[in-house]
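To start, the structure under review is shown below, and the notes come after it.
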Amino acid sequence: MLDTKYNHLEVEKGKYEDWKEKGYFESGDLSKKPYCIVIPPPNVTGKLHLGHAWDTTLQDILIRYKRMDGYDALWVPGMDHAAIATEAKVVQKLRQNGVDKYELGRDGFLDACWDWTHEYAKNIREQWAKLGLSLDYRKEAFTLDENLTRAVKKVFVDLYNEGLIYRGERIINWDPVAKTALSNEEVIYKDDEGAFYHLKYFIEGTDEYLDVATTRPETLFGDTAVAVNPDDERYKHLIGKKAILPVVNKAIPIVGDEHADPTFGTGVVKITPAHDPNDFEVGNRHNLERIVVMNEDATMNANALKYEGMTREECREALLKDLEEAGLLISVEKMVHSVGHSERTDAVVEPYLSKQWFVKMRPLADRVLENQKNKKTKVNFVPPHYEKTMNHWMEITYDWCISRQLWWGHRIPAWYKGDEVYVGVDAPSGDGWVQDNDVLDTWFSSALWPFATLGWPNETDDYKRYYPNSVLVTGYDIIPFWVNRMTFQGLKFTDSRPFKDCLIHGLIRDKEGRKMSKSLGNGVDPMDVIDEYGCDALRFFLTTNSAPGADLRYDEEKVKSSWNFLNKLWNASRFVLMNLEDFKEEDYTLDNLSLADKWILNRLNNVIKEVRKNMDTYDFHNVGNTLYAFIWNDFCDWYIELSKSDMSKTNKSVLLLVLTDIMKMLHPFTPYITEEIYQMLPIKEQPSIMISSYPSIRDFDYQKEEDKLNKILEDIIAIRNLKATNNITKQAKVKYVTDASIENIYRSQLKIKDENILTDSGDNYLTSNYKSKNIDITYYYEGTKEDDSKKDDEIKKLEESIARREKLLSNENYVSKAPAQIVDADRKKLAEEKERLALLKG
RNA sequence: GGGCGAUUAGCUCAGUUGGUUAGAGCAUUUGCCUUACAAGCAAAGGGUCAUAGGUUCGAGUCCUAUAUCGCCCACCA
């Protein structure tokens, strides 16, 4: 017998291991239609957070649903090596042990990274298990696997051969802590306190000077020009002359360039082509020299003269002091401006001139834009407006810097010998070739994830069968990093969208709506939630409390509320199982269904229809609400209550049938409790609910019976209301007239016992009456006069409603233009209202 | 500056191609230990759907403008 309270710890114990052992997570039944999802690979850098729990639960819901519904459902697990993120963590860990990355050397460092990876991969697998995810572990992939590596090399080489990958000297975002280039997506802009420093740049041969404002005085050693707008009346006469660079005392040209905005600052801008992307462009236009003034760790180099060796910050301070003493500092204007920080190390990013590898984006992006116009081959975003996020990125995209000065990752398949460059899958033959030291951006490999995990570039069975993937599930914050890149690489290399649908969810926020972050300390560990409320409660909360694509606030009260719902389900099951203790297979019958049986069966049919529809459109919150309402309101509040005075074999059979379908429909959301209860059912089709069949609607129509009982239930609610508002106690006497076939429903639900039936004339009582088509009932209780206020209220409301409806129906435009069924429904309703009014008045 | 959203009950949110008198959970009020569940049961109150126009027989839903808030991208010498 079940405990009176749902104990999630007991319920969830051991089931995952059991499912896994029995092979229920495994795909490969070729007789079924394939359905495939690849997991967004978590980084091997830490613990899964609530966002992962949400993301993966959505996928597990889909996989479990499709598996039950007769598909060969494959869910590919995997993880991402996360180049810079992992490298930063391993470097930090080594440093704590007094070990330096460079002393350790490349091979030793990679060994340390692999050790780290194995440790964290194990943790992640344990967390997947705690979340109940039905992943096919035989297919698990890692972005540095042999096959992924082969795919990465092929893609690099092919793009290079087509001229879509090139190496060039550009201004890139440099992370001076990790000492690597970053893509624009890896730079986080934050508002920092800074200042506008106004410096004197004397005009050569005069004692006039230009007021040049800069936020970065320390870069002046790299200045190779001063620019003014060619239309700026204040300065245009100076174009062609020279300015004297302060401290350095070098003459640099004054150039006219559109980049100088006459309305911004003083309208004069110093040009540092090696340390600013805009200045780099200006430098190209005017053929200016590029002078790099910093080392890789952002300390000043020899070009910074006596400041060599100082950090950027030290140099700025010392330089400003010297400028001030020399009378070259005009003023300091405090300001807040946004400064780029490295996503992984938080270091202030230095725009830095260096030689890097780039992907030429324009042709690849254009192909995506073209493909999205084709309804049959495009990626279908859910909700659809997220397509705009991708398309906009494709429209404004710039070349992607893919080389990283790291060791942990896919080493760039390029070799150099003198001025010669060789790019190929394998090392070139011959002596003297040296491979590029750099690795690729981690997103370069994850962009291939949907097909490379299935064996591509080989035409494997899995690739042929499961590609393109059925759906990809991820958060909207990952669209620019990942979804976009998978889409253009998929089109480029497989001539296909990587997935048919792309289900986008939002971010998890805290109760106040703030992003969860380490610095705020408002993060919640999903494993703690699971310990306290259970995996099922967490999953149900995560997936049924927000509309698709919207953010979700984590609110412990709502997790509790989910737990309460599961407790309700537990107790309803307990009731059914108690009453079906000796129920045998041969007792099962659906003959002689009662009105209530037909009512719940008809409701169930509608629920199955509704749930299937919403499962297919990813509207899980609707599924949740539908099931919640059906289970709590229809099944528990009415059908179980009505069953208490029935308990025929038919009634028990229907209880079993409905409970079974409830468990099945809920199973993708709450796998554990549904399995637990399924195991206790007296009749079940499969040894596990995981492999049972998803409910389909049955071939009957009890709509009339449903409508009939609904009317009776409305009566019961109205009569209970009458009793409550008039303080009619259970001792009150009652007299009623109703049909014998439905009498028991009223008696049981209104708790009318024989001793309540009025036997005398009733003259000495206060009375309250309720009358409908089905029942005329009067309560007699202490007092002296009839209370009519309820009835009067209803009459007044009815009259208003009738008047409104008559007016509507007399409107020619409405009757002629509105759909017939809408008008008919109004007519029917009007007739009913009139009938009810007549009954109340008569 | 470019793009994308949001604004509905005290709170958190639904509201599917326009179609009765806008829903749920939590919270609130009242009454109940009724033999599955008091983490429960029964009943109830609570919203001029941000604002102003427009289209329509009919607008929370479509269009235009405004306000407020949020996110992404770019720029910030």
Side-chain angles (χ1 to χ4, degrees), chain A residues 2 4-6 184-185 189 194 196 212-216 219 226-227 259-261 264-272 276-279 282 335-339 383 385-386 388-389 391-393 395-398 476-477 479-480 506-507 511 513 515 544-547 549-553 555 557-558 560-579 613-614 617 619 621-622 624-625 628-629 636-637 640-641 644 717 720-725 727 729-730 751 797 800-801 804-805 808 811-819 821-823 825-826 829-830:
Chain A
L2 279 70
T4 55
K5 263 183 197 164
Y6 160 55
N184 292 23
E185 283 77 10
Y189 285 89
F196 239 164
V212 178
T214 178
T215 54
R216 307 213 46 211
T219 63
V226 171
H259 169 61
D261 178 354
F264 189 85
T266 58
V268 185
V269 53
K270 70 191 206 53
I271 301 299
T272 322
D276 183 282
N278 288 311
D279 292 4
V282 176
M335 66 180 292
V336 172
H337 61 150
S338 72
V339 176
H385 75 256
Y386 282 111
K388 293 179 192 166
T389 302
N391 286 353
H392 185 244
W393 187 89
E395 280 158 14
I396 63 166
T397 190
Y398 28 75
Y476 62 71
D477 55 326
I479 293 172
L507 304 179
K511 210 185 160 197
K515 258 189 193 173
T544 64
N545 276 283
S546 68
D551 288 349
L552 174 64
R553 292 191 190 201
D555 183 351
E557 287 303 314
K558 289 193 177 179
K560 265 186 204 168
S561 162
S562 295
W563 190 95
N564 284 353
F565 169 59
L566 297 179
N567 186 54
K568 184 76 181 176
L569 180 72
W570 180 263
N571 274 292
S573 307
R574 189 163 162 265
F575 172 83
V576 173
L577 293 169
M578 275 170 63
N579 283 287
K613 191 186 100 195
N614 284 310
T617 52
D619 287 311
H621 69 288
N622 284 347
N625 292 343
Y628 187 100
C636 293
D637 292 347
I640 284 184
E641 290 307 320
K644 284 176 180 172
I717 291 168
R720 283 174 180 167
N721 183 0
L722 187 79
K723 287 173 72 179
T725 50
N727 295 318
T729 64
K730 56 185 171 185
K751 310 212 178 295
K797 272 190 179 169
E800 282 168 9
S801 182
R804 197 179 44 79
R805 224 179 283 277
L808 184 65
N811 181 336
E812 270 302 316
N813 272 323
Y814 173 68
V815 177
S816 60
K817 289 183 182 172
Q821 60 186 46
I822 300 288
V823 179
D826 260 317
K829 196 77 195 174
L830 179 64

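The figures that follow rest on heavy atoms only: side chains count, while hydrogens, waters and symmetry mates do not. The chains referred to below are lettered A, B, ... by the order of the sequence lines, with proteins before strands, and numbering in each begins at 1.
The base of B/A27 has none of its N or O atoms less than 3.5 Å from a complementary donor or acceptor on the side chain of A/E557. Residue-to-nucleotide contacts include a donor-acceptor pair under 3.5 Å from the side chain of A/R805 to the base of B/U20. The base of B/C4 does not come close enough to the side chain of A/K388 for any donor and acceptor atom to sit less than 3.5 Å apart.
The distance from atom NZ of A/K723 to atom P of B/U30 is 20 Å, rounded to the nearest whole Å. Following rounding to the nearest Å, A/N622 (CG) and B/G25 (C1') show an atom-to-atom distance of 15 Å. Going from atom CD of A/E641 over to atom P of B/G40 covers 15 Å, rounded to whole Å. The CG atom of A/D637 sits 10 Å away from the P atom of B/G25 (whole-angstrom rounding). Straight-line distance from the CH2 atom of A/W563 to the P atom of B/C26: 14 Å, rounded to whole Å. Distance A/H392 NE2 to B/G5 P: 12 Å, rounded to the nearest Å. Atom CD1 in A/I717 sits roughly 17 Å away from atom C1' in B/G31 (whole-Å rounding). Between A/N567 atom CG and B/G25 atom P the separation is 17 Å, expressed in whole Å.
Remark: A/H259 is not in phosphate contact with B/C75, judged by side-chain N or O atoms under 4.0 Å from OP1 or OP2. Remark: A/H621 is not in phosphate contact with B/A24, judged by side-chain N or O atoms under 4.0 Å from OP1 or OP2. Between A/N564 and B/G40 there is a side-chain N or O to OP1 or OP2 distance below 4.0 Å. When the side-chain nitrogen and oxygen atoms of A/K644 are compared with OP1 and OP2 of B/A36, one or more of them lie within a distance under 4.0 Å. Checking the phosphate oxygens (OP1, OP2) of B/C72, a side-chain nitrogen or oxygen of A/K515 falls inside 4.0 Å. Here A/Y398 reaches the OP1 or OP2 of B/A74: one of its side-chain N or O atoms lies under 4.0 Å away.
Using a 4.0 Å heavy-atom distance criterion, A/R804 is classed as a base contact. Residue contacts for A/D261: at a heavy-atom cut-off of 4.0 Å it reaches a base atom on one of the strands shown. Within the 4.0 angstrom heavy-atom criterion, no nucleotide atom of any strand lies near A/D477. Using a 4.0 Å heavy-atom cutoff across all strands shown, A/K817 reaches at least one base atom of the nucleic acid. Note on A/S801: a base of the nucleic acid sits closer than 4.0 angstrom, heavy atoms only. If you check every strand for non-hydrogen atoms under 4.0 Å, A/P819 touches a base. When heavy atoms are screened at a 4.0 angstrom cut-off, A/Y386 is found touching no nucleic acid atom at all. At a threshold of 4.0 angstrom between heavy atoms, the contacts of A/S561 are confined to the sugar-phosphate backbone, with no base atom among them. A/A213 comes within 4.0 angstrom of sugar-phosphate atoms only, judged by non-hydrogen atoms across all strands, and of no base. Using a 4.0 Å heavy-atom criterion, one finds that A/N811 contacts the sugar-phosphate atoms exclusively. Within the 4.0 angstrom heavy-atom criterion, no nucleotide atom of any strand lies near A/A227. Within the nucleic acid shown, A/K558 comes within 4.0 Å of at least one base atom, counting heavy atoms only.
Nearest-nucleotide mapping onto RNA chain B: of A/K5 and A/G265, the residue sitting toward the 5' end is A/K5. Two residues, A/N727 and A/P277, neighbour RNA chain B, and the one matched to the more 5' nucleotide by heavy-atom proximity is A/N727.
The side chain of A/V269 has B/A77 as its nearest neighbour among B/A77, B/A74, B/A36. If you check B/A36, B/C71, B/G19 against the side chain of A/Y476, the one that comes closest is B/C71. Side-chain atoms of A/K829 lie closest to B/U20 of the nucleotides B/A42, B/G40, B/U20. Of the listed nucleotides (B/U16, B/A43, B/G3), B/U16 has the atom at the smallest distance from the side chain of A/N614. For A/H337, whose side chain is taken as the heavy atoms from C-beta onward, the closest listed nucleotide among B/A77, B/G15, B/U34 is B/A77.
Taking the C1' atom of each, B/A38 and B/G47 are spaced 31 Å apart, rounded to whole Å. B/G25 sits 32 Å from B/C63 when the P atoms are compared, rounded to a whole Å. Nucleotides B/A14 and B/C62 place their P atoms 15 Å apart, quoted to the nearest Å. To the nearest whole angstrom, the two C1' atoms, one in B/C75 and one in B/G18, are 42 Å apart. When the C1' atom is compared between B/G58 and B/U20, the two are found 11 Å apart, to the nearest whole Å.
Proximity of A/Y814 to A/D826: side-chain heavy atoms (C-beta onward) are separated by under 4.5 Å at one or more points. A heavy-atom distance below 4.5 Å is not found between the side chains of A/L566 and A/K568. Using a 4.5 Å cut-off on side-chain heavy atoms (C-beta onward), A/N622 and A/K613 make no contact.
Contact record, A/A227 with A/A260: O-CB, 3.9 Å, taken as the closest heavy-atom pair. Contact detail for A/D279 and A/T272: the closest heavy-atom pair is OD2-N, 2.8 Å. Heavy-atom minimum distance, A/V282 versus A/I271: CG1-CD1, 3.9 Å.
In this structure, A/Y814 forms no aromatic stack with the base of B/G58, since the conditions of centre separation below 5.5 Å and plane angle below 30° are not both met.
A donor and an acceptor atom, one from each side chain of A/K270 and A/T219, are located under 3.5 Å apart.
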Could you spell out the base pairing of RNA chain B in dot-bracket, with Watson-Crick or G-U pairs whose two distances are under 3.5 Å, [ ] crossing and | to another strand? (((((((..((((.....[...)))).(((((.......))))).....(((((..]....))))))))))))....
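Stacking of A/K644 on the aromatic ring of A/F575 is recorded, both the 6.0 Å distance cut-off and the 45° axial limit being met.
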